[in-house]
Amino acid sequence: GVLESLMGLKELDVPMVLVSHKTKIPFKGPPYDLREAALDWLCKYGFFSSKFIDWSSDQVYFEDTKESKIERIRSLGCTHYVDDLPEILSKLPSSVVGILYDPMDAHDFDAKYSISEWKSLSKFVLSDQ
């Protein structure tokens with residue numbers, strides 16, 4: 001449901017970026033380009049297609065560390081950020097609304113906003129607009 005949710009936000013002119021802390025190659029196992037694999041996945045599922053959310057490559061950022069990921073979110077001026085890692089959300093600046101994606105309700109983290117399915121995302125993003 002992520003693609004459908006993001007398409008709905010796009011239709012409402014909500015600007016979006018993807019910021020990931022993904023190293024270029026795995027720390028363990030065979031070396032391959034993790035970032036290229038992620039971009040291939042985004043292409044395969046229509047993120048760059050004009051029929052869907054029509055992202056461009058300048059909307060996707062890969063950072064080597066969690067710290068640089070948080071700095072990128074801050075420098076881009078993001079107002080909201082969804083992550084499945086509570087440790088990322090806890091380090092966001094207070095100007096960013098952190099939304100925990102926790103489909104299995106696996107985290108013991110006191111998140112102000114939490115979603116277990118992507119279709120719930122717009123109510124949090126749009127309520128603060």
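In this text, all values refer to a predicted model and were calculated from it rather than measured experimentally.
Here the shortest heavy-atom pairing between Ser122 and Lys119 reads OG-O, 4.2 Å. Heavy-atom minimum distance, Ile115 versus Ser120: CG2-CB, 3.7 Å. When all heavy atoms of Phe62 and Arg35 are compared, the closest pair comes out as CB-NE, 3.4 Å. Of all heavy-atom pairs spanning Lys66 and Glu87, the tightest one is NZ-OE1, 2.8 Å. Met16 and Gln59 make their closest contact through O-NE2, 2.8 Å (heavy atoms, listed as atom of the first residue, atom of the second, distance).
With respect to Asp83 and Lys69, a salt bridge is recorded, a charged nitrogen being found less than 4.0 Å from a carboxylate O.
Between the Glu36 side chain and the Asp33 main chain, no donor and acceptor come within less than 3.5 Å of each other. A donor-acceptor contact shorter than 3.5 Å is absent between the side chain of Ser49 and the backbone of Gly46. Side chain of Tyr61 to main chain of Asp58: a donor-acceptor pair is present (N/O by atom type, distance under 3.5 Å, no hydrogens or angles).
Annotation: ring-ring contact (aromatic ring centres under 6.0 Å, His included) contacts of Tyr45 (sequence neighbours excluded): Trp41.
Hydrophobic clustering places Leu126 together with Met7 (ILVMFWY residues linked when any side-chain heavy atoms are closer than 4.5 Å, directly or through intermediates).
By the neighbour-count criterion of 12 heavy atoms within 6.0 Å, atom CG of Leu18 is densely surrounded, having more than that number from other residues, nucleotides or ligands.
Separation of atoms CG (Asp102) and CD (Glu117) is listed at 12.5 Å; rounding is to 0.5 Å.
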